[in-house]
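Values below: all heavy atoms of this structure, side chains included; hydrogens, waters and symmetry mates excluded. In this text, all values refer to a predicted model and were calculated from it rather than measured experimentally.
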Amino acid sequence: MQYDFETLVRRDHAGSFKWNDMKVKNPDVKDNVVPLSVADMEWKNPPEIIEGLKEYLDQSILGYTGATDAYYDSVIGWMEKRHGFSPKREWIVETAGVVPGLGQMVAAFTKPEDAVLIMTPVYYPFRMSVENNKRTLVTTELISTGDSYEIDFADFEEKAGRKDVTLLILCSPHNPIGRIWTEEELTKIADICFRNGVFIISDEIHFDLILPGYRHISMGTLEEKYVNNCVISTAPSKTFNLAGFQTSNHFIANEEMREKVTAARGYHSLNLMGYKACEIAYTRCEAWLEELLLHLEENKKFVEKFVADNLPEVKVYDLQGTYLQWLDFNKLGMDYQELEKFMQMEAQLFLDEGYIFGEGGRGFERINIACPLWVLKEAMERLLEAVNRYKERR
């Protein structure tokens with residue numbers, strides 16, 4: 001192994017959202033506890049990015065700065081090499097993160113009387129981007145198969161066929177359930193939307209975080225008519241732990257829709273360091289990513305085995321993509337509010353509560369496994385001890 005995936009960099013006083021939130025939820029949390037909630041990593045960034053940014057700072061003036069040819073070439077090259085998708089340069093619309101872009105696109109693509117469809121349980125900013133724009137939210141619930149999920153295509157087609165539904169926000173790979181949609185599933189989604197006049201925003205931010213044995217299919221690789229009916233939203237942030245740079249790329253082949261987003265965005269430029277970090281990541285850090293995926297696979301298997309050996313009441317759902325594992329705690333017999341309190345106060349585990357992703361997530365927890373294995377082991381041991389104490393009290 002070439003890179004350091006063992007060192008923990010504490011972020012207690014660095015402004016980290018999840019470290020700060022942990023202290024708010026439990027001010028008495030022990031010093032050795034690491035939060036495993038918000039989707040950034042407890043691993044160091046690729047050293048190539050750190051060194052590359054130092055070189056850039058030594059040579060640069062930090063004035064108004066836009067995207068360069070090298071930036072666009074790196075983004076297109078990454079999509080071609082890793083995902084078999086060859087977007088045109090003019091398709092790229094940058095925003096300061098995928099989530100801000102979602103809000104801008106919902107506003108640009110829909111009218112106040114329109115409705116937006118999402119597939120729940122799903123990443124909660126999807127719902128927020130709809131509600132904040134005062135559009136109607138329509139949901140279709142994914143069907144649990146016991147260790148994974150399937151799309152209820154009958155319900156999906158019925159909802160997509162509603163006259164007021166004009167936009168679908170798709171999560172691919174799907175967060176929080178960890179599913180990678182197959183080419184057949186994506187084509188069926190794309191065709192139903194195409195026939196019903198529903199435009200698609202395909203949030204593919206986790207597109208590089210694919211576990212061994214699986215393959216991500218980008219919407220950009222489907223038939224031209226489907227590509228022209230969607231946005232493919234990406235970022236280097238999840239892949240390389242760069243969320244603080246707020247840099248994302250949306251590929252919009254449809255010129256009319258692209259112009260709507262550009263108009264809604266107004267005068268625009270990203271953080272100049274974000275541009276450079278993205279360029280470095282996509283041109284120098286593929287080896288780091290390959291090693292990262294091996295550690296994620298190891299961590300995934302550890303959680304699966306630990307739970308299977310020690311916690312028969314807990315069900316681990318199959319993790320195919322992302323670094324976010326979906327666990328079902330319903331058989332412990334707590335309601336979702338009791339479970340939240342139990343996790344934070346007794347187990348001292350700070351995960352993302354399943355209910356924030358929709359009602360179907362009640363009784364579930366989403367654990368971020370992008371951390372040193374020893375951190376994950378300590379967390380799971382705390383969980384086991386807390387569950388055993390809970391069962392003794394019953």
**Prompt:** Do the side chains of L62 and Y275 join up, straight or via other hydrophobic residues, at under 4.5 Å, putting them in one cluster?
**Reply:** yes
**Prompt:** Is it the case that more than 12 heavy atoms not belonging to E359 sit under 6.0 Å from its CD atom?
**Reply:** no
**Request:** Starting at CD of E340, measure out to CG of L351 and round the result to the nearest 0.5 Å.
**Result:** 10.5 Å
**Message:** Tell me if the NZ atom of K305 is crowded by more than 12 foreign heavy atoms within 6.0 Å.
**Reply:** no
**Message:** Would a single hydrophobic cluster contain both V38 and L376, if residues Ile, Leu, Val, Met, Phe, Trp and Tyr are joined by side-chain heavy-atom contacts under 4.5 Å?
**Reply:** no
**Request:** Using the test side chain to side chain contact (heavy atoms under 4.5 Å, CB included), find all partners of V227 that sit at least two apart in sequence or belong to another chain.
**Result:** W91, A253
**Request:** Would you check if the side chain of N241 reaches a backbone N or O of N45 as a donor-acceptor pair within less than 3.5 Å?
**Result:** no
**Prompt:** When you check the gap from the basic side-chain N to the acidic O, do R179 and E185 get nearer than 4.0 Å?
**Reply:** yes
**Prompt:** Do side-chain atoms of R135 reach the backbone of N133 as a donor and acceptor pair under 3.5 angstrom?
**Reply:** yes
**Prompt:** Side chains of T120 and E141: do they bring a donor and an acceptor to under 3.5 Å?
**Reply:** yes
**Complete:** Between F240 and the options Y3, F245, W78, the ring-ring contact (aromatic ring centres under 6.0 Å, His included) test singles out W78
**Prompt:** In terms of side-chain heavy atoms, does Y71 have a donor or acceptor partner in E94 at a distance below 3.5 Å?
**Reply:** no
**Asked** Quick one: is the NZ or CZ of K188 closer than 6.0 Å to the six-membered ring centre of F153, and within 45° of its axis?
**Response** yes
**Asked** Should R366 and D352 be marked as a salt bridge (charged side-chain N to carboxylate O under 4.0 Å, His left out) after you check the CA-CA gap, both sets of side-chain angles, and the distance that decides it?
**Response** CA-CA 5 Å; R366 192 193 75 173; D352 276 319; 2.5 Å; yes
**Item:** Carboxylate-amine/guanidinium proximity below 4.0 Å for R393 and E346
**Value:** yes
**N/O donor-acceptor pair under 3.5 Å between S202 side chain and L170 backbone** = no
**Asked** Donor-acceptor pair, R127 side chain versus G358 backbone, under 3.5 Å?
**Response** no
**Asked** Distance-only, no hydrogens or angles: does the H206 side chain make a donor-acceptor pair with backbone N or O of G178 under 3.5 Å?
**Response** no
**Request:** Could you tell me whether the side chains of D155 and T140 share a donor-acceptor contact shorter than 3.5 Å?
**Result:** yes
**Message:** Checking the side chain of N196 only, and the main-chain atoms of V198 only, is there a donor and an acceptor separated by less than 3.5 Å?
**Reply:** no
**Message:** Angle between ring planes, F364 versus Y149, binned at 30° and 60°: parallel, tilted or perpendicular?
**Reply:** tilted
**Request:** For the residue pair F302 and F306, categorise the inter-ring angle as parallel (less than 30°), tilted (30 to 60°) or perpendicular (more than 60°).
**Result:** tilted
**Short side-chain donor-acceptor distance under 3.5 Å, T182 and E184** = no
**Prompt:** Could you state the interatomic distance from CG (L294) to CD (E298), rounded to the nearest 0.5 Å?
**Reply:** 9.0 Å
**Asked** Should the pair E55-K276 be classified as a salt bridge under the 4.0 Å nitrogen-to-oxygen rule?
**Response** no
**Fill in**
Which of W43, F5, Y282 passes ring-ring contact (aromatic ring centres under 6.0 Å, His included) with W288? It is F5
**Prompt:** Got a second to check how far E365's CD is from L327's CG, nearest 0.5 Å?
**Reply:** 8.0 Å
**Message:** I'd like to know if E297 pairs up with K301 as an ion pair, taking the criterion as any Lys NZ or Arg NE/NH1/NH2 lying under 4.0 Å from an Asp or Glu carboxylate oxygen.
**Reply:** yes
**Request:** Measure the acute angle between the ring planes of H83 and F207, then classify it against the limits of 30° and 60° as parallel, tilted or perpendicular.
**Result:** parallel
**Fill in**
One should read off an interatomic distance between E42 CD and K18 NZ, to the nearest 0.5 angstrom, of 4.0 Å
**Message:** Between the side chains of D58 and K54, is the shortest nitrogen-to-carboxylate-oxygen separation below 4.0 Å, so that they form an ion pair?
**Reply:** no
**Message:** Counting only heavy atoms not in E255 (residues, nucleotides, ligands), do more than 12 fall under 6.0 Å from its CD?
**Reply:** no
**Asked** CD1/I189 to CG/L117 distance, rounded to the nearest 0.5 angstrom?
**Response** 10.0 Å
**Asked** Roughly how far, to the nearest 0.5 Å, is CD1 of I367 from NZ of K300?
**Response** 14.5 Å
**Request:** Take atom CD of E113 as the centre, draw a 6.0 Å sphere, and report whether it contains more than 12 heavy atoms from other residues, nucleotides or ligands.
**Result:** yes
